[in-house]
Amino acid sequence: EEQSKPTPEDAPKEEAPKEEDQPKEEEQAKEEDKPKEEAPKEEDKPKDIDETTENKSNEIPQSQPKKKLKKMKAIVCLKNGPPKDVLKIVENVPIPTITKPNQVLVKVLYASINPIDYKMIKGMMGMLSPKKPEFIAGRDFSGRVIAKGTDPDLRRLEINDLVYGQCWKMGSFAEYCIVEAKNVHKMPSLIDPLNAASIPLVTQTSYQAIVKAKLKKGDKFLILGGSTATGIMATQIAKKFIEAAQVIVTSSQEDLCKSLGADRVINYKKEDWMKVLKDENVDAIYDCVGGQESWDEARKQNILKKNGYYITIVGDTAHGDNLGFGKIVGTGLSLINRKFWGAVSDEPKYEMHLADSKKNLRDISSLIDANKLKPILDPESPFAFEDYMKMFNKSMSHKAKGKLVLKISDDDQKIDSAQDEQKDDIKEEQEDNKPEEQA
């Protein structure tokens, strides 16, 4: 009341002429309240919104956290070299966030190893390596969708869906990864996450190689390395999907190969397949082991028919070789030479195949759900996260009897809503920051 009735002595001189127009007490109270009402509106404006980029909300879903609120553990390659020396479990890696409409954030449950994983770590791929240290190891994964972008292609996926695929840019040996839409697919209903993680790369490689070989119903098909991870999948695809008349494989694991559909298994430890299969004239050969001798003898001994297809995923050296500059140039020239003569004559067609991670996951899922394709795991799978070196050592020994899979995290509870989970994270962060804000 004292403030509402200022004395003439306290009133500013410039206000004196307005004393006749001075409003009534109610109007004066309203005037005094106005700035108090406007001030909170300015203070309530969210500070974490960038006014210059507020339209970006169309690119990232509401379930996407605005800040990297948590950390994750991951197996990181610190530099090129032997895996035991250069790999390390890092506990405080920031959880990745979606930055593009075609991306998916996945909580990784399982991940499997492929030869390309340790080759990149060792530096065997040279300048052709898709990753340079430091990087998170691994490619194949299975897991749950945590958040997704707004790309129309992602309408086929929902939050909490179980998915599988390949994680190229980041790495799958981590609790979370970002995947592009074309590299991920809903998990087949007939398998669990453990088995799903073993499928992507090897199955896409074999499926695409068989397509490239133009294999058809009634053909004869030879697989060099029938019990390798790629050979296991190729046997099933050729016999149960393509319906090849005869699938011949080389392997010391005869019972396994026959259980998958192989009509004939040549134990290379007891027999020389190059002599046993002389004049066999198969329609196509799928080489999962490598070696120039295999290509040379396949032609000389008429193991492969004229105009047949020889598809290799390894090259002229068994299990691959270091790809220095000279090796890359030599391999390139050799490949050009073989492809040239295959194109201009009736000589067999030679192809070195590299899988496309963006193709055929849908086809593969259909084969699995139709009971025409099943994954085969090594008896030691899954390996505990801390035992990752046991998995690497077995893979590099070439003695695995099926796919080697690493357990990344538990799926003890489903994520009802990624948005709810991230709201909890934000609430926790706000609680932690309260003392600082009050100060």
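Count residues from 1 along the sequence.
Nearest heavy-atom pair across Ala213 and Tyr309 is O-CD1, 3.5 Å. Summarising the geometry of Ser395 relative to Tyr118, their closest heavy-atom pair is OG-CE2, 3.4 Å, with the distance given to 0.1 Å. Considering every non-hydrogen atom in both Leu256 and Ile376, the closest pair reads CD1-CG2, 4.3 Å. Closest heavy-atom contact between Phe221 and Ile285: CE1-C, 4.3 Å. In terms of heavy-atom proximity, Ile210 sits nearest to Ala238 at CD1-N, 4.1 Å. Closest approach of Val179 and Gln166 over heavy atoms only: CG1-O, 3.4 Å.
Looking at Ser365 and Tyr164, their side chains do bring a donor and an acceptor atom within 3.5 Å of each other. The closest side-chain donor-acceptor pair between Asn307 and Lys349 falls under 3.5 angstrom. Side-chain N/O atoms of Gln208 and Asp356 include no donor and acceptor closer than 3.5 Å. With 3.5 Å as the limit, one finds a donor-acceptor pair spanning the side chains of Tyr286 and Ser206. Side chains of Lys403 and Asn114: a donor-acceptor N/O pair is present below 3.5 angstrom, by distance only.
By the 4.5 Å heavy-atom criterion applied to side chains, Ile113 and Leu406 are not counted as neighbours. Inter-residue side-chain proximity for Phe141 and Val163 is flagged as met; some heavy-atom pair is nearer than 4.5 Å. A heavy-atom distance below 4.5 Å is not found between the side chains of Leu162 and Ser142. Contact check for Ile364 versus Ile237: no side-chain heavy atoms found under the 4.5 Å cut-off. Looking at Val314 and Val289, their side chains never come closer than 4.5 Å, going by heavy atoms from C-beta outward. The side-chain heavy atoms of Pro348 and Trp295, taken from C-beta on, include a pair separated by under 4.5 Å. Considering only heavy atoms from C-beta on, Thr235 comes within 4.5 Å of Val249 through its side chain. Using a 4.5 Å heavy-atom cutoff, the side chains of Pro83 and Met396 are in contact.
Side chain of Thr250 to backbone of Gly225: a donor-acceptor contact under 3.5 angstrom is found. In this structure, Lys216 contributes its side chain and Ala244 its backbone to no donor-acceptor pair below 3.5 Å. For Asp140 (side chain) and Ser198 (main-chain N/O), no donor-acceptor pair under 3.5 Å exists by modelled atom type. In this structure, Lys182 contributes its side chain and Lys359 its backbone to no donor-acceptor pair below 3.5 Å. Using a distance-only test at 3.5 Å, with no hydrogens or angles considered, a donor-acceptor pair links the side chain of Gln236 to the main chain of Lys374. Looking at Asp192, its side chain does come within 3.5 Å of a backbone N or O of Asn195 through a donor-acceptor pair. Between the side chain of Ser381 and the main chain of Val405, a donor-acceptor pair closer than 3.5 Å is present. Asp151 places no side-chain N or O within 3.5 Å of a backbone atom of Pro101 that could act as its donor or acceptor partner. At distances below 3.5 Å, at least one donor-acceptor pair connects side-chain atoms of Ser397 with backbone N or O atoms of Lys394.
A distance of 6.0 Å separates CD1 of Ile146 from CG of Leu105, quoted to the nearest 0.5 Å. Going from atom OG1 of Thr230 over to atom CG of Leu201 covers 9.0 Å, rounded to the nearest 0.5 Å. Rounding to the nearest 0.5 Å places CD1 of Ile75 at 6.0 Å from CD1 of Ile408. Rounding to the nearest 0.5 angstrom, the gap separating the NZ atom in Lys217 from the CD atom in Glu243 is 4.5 Å. Remark: Ile368 CD1 to Thr203 OG1 distance equals 6.5 Å, nearest 0.5 Å. Taking CD1 of Ile223 as the reference point, atom CD1 of Ile248 lies at 10.0 Å (rounded to 0.5 Å).
Ion pair Arg139/Asp117 not flagged as a salt bridge, since none of the NZ, NE, NH1 or NH2 atoms sits closer than 4.0 Å to an Asp/Glu carboxylate oxygen. Using a 4.0 Å cut-off between charged side-chain N and carboxylate O, Asp161 and Lys186 make a salt bridge. Arg144 and Asp411 are joined by a salt bridge, as a carboxylate oxygen and a charged side-chain nitrogen come within less than 4.0 angstrom of each other. Look at Glu91 and Lys71 and you find no salt bridge, because none of the NZ, NE, NH1 or NH2 atoms lies under 4.0 Å from a carboxylate O. The residues Glu380 and Lys390 are annotated as not salt-bridged, no charged nitrogen and carboxylate oxygen being separated by less than 4.0 angstrom.
Applying the salt bridge (charged side-chain N to carboxylate O under 4.0 Å, His left out) definition to pairs two or more places apart or across chains, those involving residues 248-267 are Lys239-Asp263, Arg264-Glu280.
Atom CG of Leu190 has more than 12 neighbouring heavy atoms from other residues, nucleotides or ligands inside a 6.0 Å radius. In the displayed structure, Lys358 atom NZ is contacted under 6.0 Å by at most 12 heavy atoms of other residues, nucleotides or ligands.
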Lys212/His353 under side-chain contact (heavy atoms from CB on, under 4.5 Å): CA gap, chis, key distance, verdict: CA-CA 9 Å; Lys212 189 173 287 187; His353 176 64; 3.1 Å; yes
Residue pair Ser357, Trp168: steps toward the side chain to side chain donor-acceptor pair (under 3.5 Å) verdict: CA-CA 9 Å; Ser357 63; Trp168 260 98; 3.1 Å; yes
Candidate pair Ser189 and Asp369, rule side chain to side chain donor-acceptor pair (under 3.5 Å), full reasoning: CA-CA 7 Å; Ser189 59; Asp369 282 335; 3.2 Å; yes
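Judged by a 6.0 Å distance limit and a 45° cone about the ring axis, Lys73 is positioned over the six-membered ring of Phe385.
With ring centers used as reference points, Tyr350 lies under 6.0 Å from Tyr310.
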